[in-house]
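Since the model is a prediction, treat every value here as computed from it, not as a measurement. Sequence positions, counted from 1, serve as the residue numbers for this chain.
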Amino acid sequence: MTINQRKKGHDFERKIAKSLQQDLGLLKPVRRILSQYQEKNHPDLKVGRWNIECKAYKKGFEPLTAWWEQVTGVTPNNEFPALVYKFDNKPIRVRVRMQELSKSFKDDAKLVDLNWESFCYLIKSRYQDDLEGFM
């Protein structure tokens, strides 16, 4: 990974952390988990039970399977993975399991990609408890 790619990744993580704070109306900032670079099994960001992996790439349309595997690999049972990704000149998208939208979805292999506003709405409307530590 080149220095520019690493900087782009760090900048995107900071942008998402700031956007989470603003768009979820949090009083406390969302911090990047810096130990992710020294140890395995840490997401880029964490909000309550949400483990968030951030990916920003120049070209593409669909996220790589390895990205989803990365975030699910660091998400303990009873917590929720979210893959926030962006390709140049495309909007931010967020991949989550369908079962996070509704308990009626039982298959944890079924995924859905949301726009940023829908992801924030999901957290604010269904996962308010996960925001308490930031209020």
Side-chain angles (χ1 to χ4, degrees):
M1 179 180 293
T2 68
I3 293 173
N4 286 342
Q5 290 170 317
R6 184 166 294 190
K7 181 180 180 329
K8 184 176 184 176
H10 293 180
D11 290 347
F12 187 61
E13 289 172 19
R14 281 190 283 276
K15 176 183 177 173
I16 295 303
K18 185 175 182 178
S19 294
L20 284 166
Q21 182 181 2
Q22 291 174 343
D23 297 341
L24 297 175
L26 306 177
L27 300 177
K28 295 179 183 174
V30 176
R31 302 272 184 216
R32 292 173 54 230
I33 300 174
L34 299 178
S35 58
Q36 65 176 303
Y37 300 106
Q38 299 159 347
E39 307 166 10
K40 289 185 174 189
N41 300 322
H42 293 286
D44 294 333
L45 306 169
K46 190 161 177 74
V47 176
R49 295 171 293 167
W50 286 92
N51 294 273
I52 303 169
E53 189 66 35
C54 303
K55 300 290 184 184
Y57 277 76
K58 188 171 188 162
K59 294 180 183 179
F61 181 74
E62 286 287 321
L64 299 177
T65 302
W67 299 350
W68 181 250
E69 290 170 352
Q70 183 178 2
V71 71
T72 58
V74 299
T75 302
N77 289 337
N78 302 316
E79 294 193 6
F80 317 113
L83 172 62
V84 179
Y85 65 94
K86 181 180 182 344
F87 297 104
D88 286 358
N89 303 314
K90 303 259 194 288
I92 293 171
R93 304 289 292 171
V94 184
R95 180 164 285 181
V96 298
R97 297 180 297 207
M98 287 182 69
Q99 62 188 186
E100 269 67 86
L101 301 177
S102 172
K103 293 183 193 278
S104 65
F105 296 116
K106 304 292 183 198
D107 187 348
D108 67 357
K110 302 300 183 206
L111 309 175
V112 62
D113 289 4
L114 306 170
N115 64 25
W116 180 254
E117 293 79 16
S118 296
F119 176 65
C120 291
Y121 177 78
L122 173 68
I123 292 179
K124 285 193 290 191
S125 63
R126 295 219 44 214
Y127 296 95
Q128 190 67 34
D129 293 350
D130 290 290
L131 304 179
E132 288 179 5
F134 296 89
M135 299 308 232

Does [X] reach the main-chain N or O of [Y] with its side chain, forming a donor-acceptor pair under 3.5 Å?
X      : Y      : answer
Asp130 : Arg49  : yes
Arg93  : Asp113 : yes
Asp44  : Glu13  : no

Nearest non-hydrogen partners of [X] and [Y], listed with the distance:
X      : Y      : value
Lys90  : Lys86  : O-NZ, 2.6 Å
Phe12  : Cys54  : CD2-CB, 3.7 Å
Val112 : Leu101 : CG1-CD1, 3.6 Å
Phe87  : Glu62  : CZ-O, 3.6 Å
Leu114 : Ser118 : CB-CB, 4.0 Å

- Message: For the CG atom on Asn89, are there more than 12 heavy atoms of other groups (residues, nucleotides or ligands in this structure) within a distance under 6.0 Å?
- Response: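 No, the 6.0 Å shell around CG holds no more than 12 heavy atoms from other groups.
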- Item | Residue from Val84, Leu111, Val71 passing side chain to side chain contact (heavy atoms under 4.5 Å, CB included) with Arg95 | Leu111
- Message: Once side-chain hydrogen bond (donor to acceptor under 3.5 Å, both in side chains) is applied, what residue pairs with a partner in residues 15-26 remain, sequence neighbours excluded?
- Response: Asp23-Trp116
- Item | Contacts of Tyr127 that satisfy ring pair (Phe, Tyr, Trp, His ring centres under 6.0 Å) - sequence neighbours left out |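 If we apply the ring pair (Phe, Tyr, Trp, His ring centres under 6.0 Å) test to Tyr127, skipping adjacent residues, the hits are Trp50, Phe80.
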- Message: side chain to side chain contact (heavy atoms under 4.5 Å, CB included), that's the test. Do Lys124 and Leu24 meet it? Break it down for me.
- Response: CA-CA 7 Å; Lys124 285 193 290 191; Leu24 297 175; 3.5 Å; yes
Could you tell me whether the side chain of [Y] reaches within less than 4.5 Å of the side chain of [X], counting heavy atoms only?
X      : Y      : result
Lys110 : Gln99  : no
Arg97  : Trp68  : yes
Pro81  : Glu100 : yes

- Message: Set out, in order, the CA-CA distance, both residues' side-chain angles and the distance that settles side chain to side chain contact (heavy atoms under 4.5 Å, CB included) for Leu20 and Phe119, then state yes or no.
- Response: CA-CA 10 Å; Leu20 284 166; Phe119 176 65; 4.2 Å; yes
- Taking NZ, NE, NH1 and NH2 as the nitrogens, is one of them in Asp11 or Lys8 under 4.0 Å from a carboxylate oxygen of the other? no
- Query: So how far is it from Ile123 CD1 to Ile52 CD1, rounded to the nearest 0.5 Å?
  - Reply: 5.5 Å
- Message: Taking Val94 as the starting point, is it possible to reach Tyr121 by hopping between hydrophobic residues whose side chains are less than 4.5 Å apart?
- Response: no
